[in-house]
Amino acid sequence: MPKARVLIVRTAGTNCDQETRYAFELAGAAVSLVHTKKLLAAPALLKDHHVFVIPGGFTYGDDIAAGRVLANELRTLMQEELIGHVRRGGLVLGVCNGFQVLVKTGLLPGFSIVGTAPDDIAGGAEHARKPAGKGRDAGLPGQPLSQVATLMFNDSNRYEDRWVYLKVCAGKSEFINREDAEIVYLPVAHGEGKFVPL
């Protein structure tokens with residue numbers, strides 16, 4: 001069986017790219033650690049990989065909002081490659097700030113494209129673009145990805161840093177096997193972790 005090929009993107013403010021690389025290498029993957037400048041200049045690099053990973057940290061200092069600047073770069077400069085990667089069955093993983101980036105690109109939740117059901121997209125069907133619903137980014141030429149949720153400041157109004165229990169949902173993740181555990185114990189650390197549908 002060939003090794004899974006993983007592309008981990010790094011940029012100003014990422015801070016766990018080496019740990020993420022190490023974890024994938026322990027799992028037997030071949031890992032490429034690529035700076036955003038290189039990836040955005042040659043987005044076709046993504047075609048050579050099975051998994052696209054955005055690690056944690058504070059990309060670009062989270063100056064506008066957590067993950068917003070990197071999300072805008074990805075959506076503006078390589079959305080076709082991201083959509084193609086998902087349609088080919090490629091996996092996408094966002095760790096901490098990387099999850100915030102994926103939500104703000106519109107790749108999560110459920111890889112939303114304006115006027116298109118997530119199940120239809122996964123099947124690779126062609127769809128006409130429709131006007132966006134209330135609160136969604138869309139309708140702009142060349143911008144089929146639609147942000148349908150965001151992450152806001154925590155209700156506690158402070159940075160949260162603790163371990164939490166999460167229930168594993170069968171068939172929902174390629175990264176967690178339900179046979180291994182019903183409940184997983186994971187760390188959370190964020191200032192903007194409140195999930196809000198738009």
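Along the sequence shown, residues are numbered consecutively beginning with 1. Note that the coordinates shown come from a computational prediction; the quantities given were computed from them, not determined experimentally.
Inter-residue side-chain proximity for Glu182 and Val168 is flagged as unmet; no heavy-atom pair is nearer than 4.5 Å. Val196 has its side chain out of reach of Leu151: every pair of non-hydrogen atoms, C-beta onward, lies at least 4.5 Å apart. Side chains of Met78 and Leu39 form a contact here, defined as non-hydrogen atoms less than 4.5 Å apart. Considering only heavy atoms from C-beta on, Val148 stays 4.5 Å or farther from Leu198 through its side chain. At a threshold of 4.5 Å between non-hydrogen side-chain atoms, the residues Leu145 and Ile83 count as touching. With contacts defined as side-chain heavy-atom distances shorter than 4.5 Å, the pair Gln147/Arg75 qualifies. Between Val101 and Thr59 the shortest side-chain heavy-atom distance falls below 4.5 Å.
When the shell of 6.0 Å around OH of Tyr185 is examined, it contains more than 12 heavy atoms from other residues, nucleotides or ligands. Within a 6.0 Å radius of CD in Glu80, no more than 12 heavy atoms belonging to other residues, nucleotides or ligands are found. Surrounding OH of Tyr22 are at most 12 heavy atoms belonging to other residues, nucleotides or ligands under 6.0 Å away.
Across all their heavy atoms, Leu102 and Leu93 have their closest contact at CD1-C, 3.8 Å. The two residues Ala66 and Lys104 make their nearest non-hydrogen contact at O-NZ, 2.8 Å.
Between the side chain of Asp17 and the main chain of Pro55, no donor-acceptor pair closer than 3.5 Å is present. Arg158 places no side-chain N or O within donor-acceptor distance of the main-chain N or O of Gly191, the cut-off being under 3.5 Å. The backbone N or O of Gly84 sits less than 3.5 Å from a side-chain atom of Arg88, completing a donor-acceptor pair. The main-chain N or O of Leu7 is never found under 3.5 Å from a side-chain atom of His49 such that the two would form a donor-acceptor pair. In this structure, Asp161 contributes its side chain and Ala189 its backbone to no donor-acceptor pair below 3.5 Å. A donor-acceptor pair under 3.5 Å is absent between the side-chain atoms of Ser32 and the main chain of Val34, judged by distance alone. For Thr76 (side chain) and Glu73 (main-chain N/O), no donor-acceptor pair under 3.5 Å exists by modelled atom type. No side-chain donor-acceptor contact under 3.5 Å links Lys167 to the backbone of Val184.
Annotation: the span from Asn15 atom CG to Phe58 atom CZ amounts to 6.5 Å, rounded to 0.5 Å. Between Asn97 atom CG and Ile54 atom CD1 the span is 8.5 Å, to the nearest 0.5 Å. Rounding to the nearest 0.5 Å places CG of Leu40 at 8.0 Å from CG of Leu70. Between the CG atom of Asp62 and the CZ atom of Arg68 there is a distance of 11.5 Å, given to the nearest 0.5 Å.
The side chain to side chain contact (heavy atoms under 4.5 Å, CB included) with Thr20 is formed by just one residue from the set Leu33, Val6, Ile8; it is Ile8. Each of Lys194, Glu160, His190, Glu192 was scored for a side chain to side chain donor-acceptor pair (under 3.5 Å) with Asn154, with one residue passing: His190.
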Start with the C-alpha gap between Thr14 and Tyr60, add the side-chain angles, then the distance that decides, and say whether side chain to side chain contact (heavy atoms under 4.5 Å, CB included) holds.
CA-CA 8 Å; Thr14 51; Tyr60 299 104; over 6 Å; no
Using side chain to side chain contact (heavy atoms under 4.5 Å, CB included), reason through Leu82 and Leu107 one step at a time and then give a plain yes or no.
CA-CA 8 Å; Leu82 291 170; Leu107 284 169; 4.0 Å; yes
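Ring orientation note: the planes of His85 and Phe52 are nearly perpendicular, at an angle over 60° on the 30°/60° scale.
With hydrophobic clusters built from ILVMFWY side chains whose heavy atoms lie under 4.5 angstrom apart, Val188 does not share a cluster with Met152. A single hydrophobic cluster is seen to contain both Val92 and Phe99, as judged by linkage of ILVMFWY side chains at heavy-atom distances under 4.5 Å, directly or through other members. No path of Ile, Leu, Val, Met, Phe, Trp and Tyr side chains, each step under 4.5 Å between heavy atoms, connects Val164 with Tyr159, placing them in separate hydrophobic clusters.
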